[in-house]
Amino acid sequence: MARVSQEHLDARRRQILDGAARCFARNGFHATSMQDVLTEAGLSAGAVYRYFRGKDELIAAIADEAFAGIRGAFEEASRSTPPPTPDVLLGTVLRLFLDERIPGAGRVAFPRLILQVWSETLRDERLAATLERGFTAMHEVWTRLVEAYREAGLVGADVSADHMARVLMAVAQGCIAQQALFGDMTVELLEDGVRGLMSMRTQSPS
């Protein structure tokens with residue numbers, strides 16, 4: 001009997017995850033059945049259950065992949081020297097996620113999926129733990145970046161790296177949420193808005 005290559009196994013797993021992601025983005029986690037996933041992926045039950053025992057495992061795999069992808073993209077972008085300014089860094093990374101990412105699903109599919117994953121963490125301890133690990137890793141990346149800004153003289157010594165990191169992360173999360181809910185968020189809008197905030201100057205007391 002011929003052995004199945006790892007490349008074939010990986011491609012089949014990708015096919016299942018993409019099909020499930022399209023279903024979840026379109027109808028939500030709870031309104032999507034495993035039969036919906038089988039139909040969307042164009043595979044038999046045996047083929048799918050070889051990789052995933054049920055919908056919860058599919059959701060967990062998609063969440064793990066999403067969190068790892070976002071974290072990895074920020075880590076990669078932040079390695080540049082000198083460090084990219086917030087508008088450039090946010091734009092570089094979110095361009096990967098605000099544009100079409102799930103094949104055949106459209107631009108809002110991935111942000112909608114992320115929004116559902118966030119809400120699902122409120123009831124699923126495994127997903128909550130995954131989100132917490134992702135948040136902690138992202139916070140470390142952004143904190144190091146703010147410290148690099150400080151060393152480069154781009155922010156004052158009195159600026160809290162923790163506070164600035166959390167706000168920059170919130171900007172990224174807010175952009176994903178706006179795209180999911182309204183579909184009108186673009187990377188160009190994000191970059192322009194962040195540059196506008198960066199250009200503000202506090203007035204000296206008269």
Side-chain angles (χ1 to χ4, degrees), residues 13-14 16-38 40-41 48-49 51-75 86 89-90 93-103 105-143 145-146 160-185 187 189-190 193-194:
R13 187 176 187 274
R14 179 79 270 146
I16 295 167
L17 287 174
D18 286 345
R22 286 193 295 271
C23 287
F24 294 148
R26 185 167 58 239
N27 298 319
F29 290 146
H30 300 293
T32 297
S33 67
M34 281 302 291
Q35 185 57 52
D36 293 330
V37 174
L38 300 179
E40 185 71 30
V48 172
Y49 285 112
Y51 296 85
F52 303 99
R53 288 179 293 182
K55 195 166 64 171
D56 284 347
E57 284 196 2
L58 275 168
I59 295 170
I62 288 172
D64 286 342
E65 192 173 75
F67 294 145
I70 293 173
R71 183 176 67 252
F74 273 108
E75 288 175 343
L89 181 59
L90 286 166
V93 175
L94 290 182
R95 189 167 275 107
L96 300 175
F97 299 99
L98 293 182
D99 291 337
E100 184 170 346
R101 183 175 173 85
I102 303 171
R107 289 185 71 249
V108 299
F110 190 74
R112 284 180 178 173
L113 195 61
I114 292 295
L115 205 60
Q116 290 181 69
V117 169
W118 288 341
S119 64
E120 198 70 7
T121 61
L122 299 177
R123 73 165 194 89
D124 187 314
E125 291 183 357
R126 176 181 172 181
L127 287 184
T130 299
L131 178 63
E132 184 173 357
R133 287 194 300 272
F135 181 90
T136 299
M138 283 289 299
H139 182 263
E140 290 173 356
V141 171
W142 274 105
T143 299
L145 192 65
V146 175
S160 166
D162 169 64
H163 295 176
M164 188 170 173
R166 284 176 176 267
V167 169
L168 288 169
M169 291 169 68
V171 170
Q173 292 168 325
C175 288
I176 292 172
Q178 282 194 39
Q179 178 67 354
L181 295 171
F182 308 112
D184 62 352
M185 173 58 69
V187 174
L189 186 157
L190 161 70
V194 173

Which heavy atom of [X] sits nearest a heavy atom of [Y], and at what distance?
X	Y	result
Asp184	Leu189	O-CD1, 4.2 Å
Ala25	Leu113	N-CD1, 4.2 Å
Thr32	Gly28	OG1-O, 2.7 Å
Ala172	Leu94	CA-CD1, 4.0 Å

Do you see a donor-acceptor pair shorter than 3.5 Å between the side chains of Arg133 and Thr130? yes
Could you measure the distance from the [atom1] atom of [X] to the [atom2] atom of [Y]? Nearest 0.5 Å is fine.
X	Y	atom1	atom2	answer
Glu40	Ile16	CD	CD1	13.0 Å
Asp64	Ile59	CG	CD1	12.0 Å
Cys23	Asp18	SG	CG	11.0 Å
Leu115	Gln178	CG	CD	11.5 Å
Met34	Tyr49	CE	OH	4.0 Å

Would you call [X] and [Y] a side-chain contact if the rule is heavy atoms closer than 4.5 Å?
X	Y	answer
Val194	Leu168	no
Phe24	Val117	no
Leu131	Leu127	no
Phe52	Leu17	yes

Trace of the side chain to side chain contact (heavy atoms under 4.5 Å, CB included) decision for Tyr51 with Leu58: CA-CA 9 Å; Tyr51 296 85; Leu58 275 168; over 6 Å; no
Looking at Gln116, Lys55, Glu120, which hits side chain to side chain donor-acceptor pair (under 3.5 Å) with His30?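 Testing each of Gln116, Lys55, Glu120 against His30, the sole residue satisfying side chain to side chain donor-acceptor pair (under 3.5 Å) is Glu120.
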Under a 4.0 Å N-O cut-off, is there an ion pair linking Asp162 with Arg166?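 Here Asp162 pairs with Arg166 in a salt bridge, since their nearest N and O are under 4.0 Å apart.
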Strictly below 4.0 Å, N to O, side chains only: are Arg126 and Glu57 in salt-bridge contact? no
Can you confirm whether more than 12 heavy atoms, excluding those of Arg123, are under 6.0 Å from its CZ atom? yes
Using a 3.5 Å distance criterion without hydrogens, assess whether the side chain of Gln179 forms a donor-acceptor pair with backbone atoms of Pro111. no
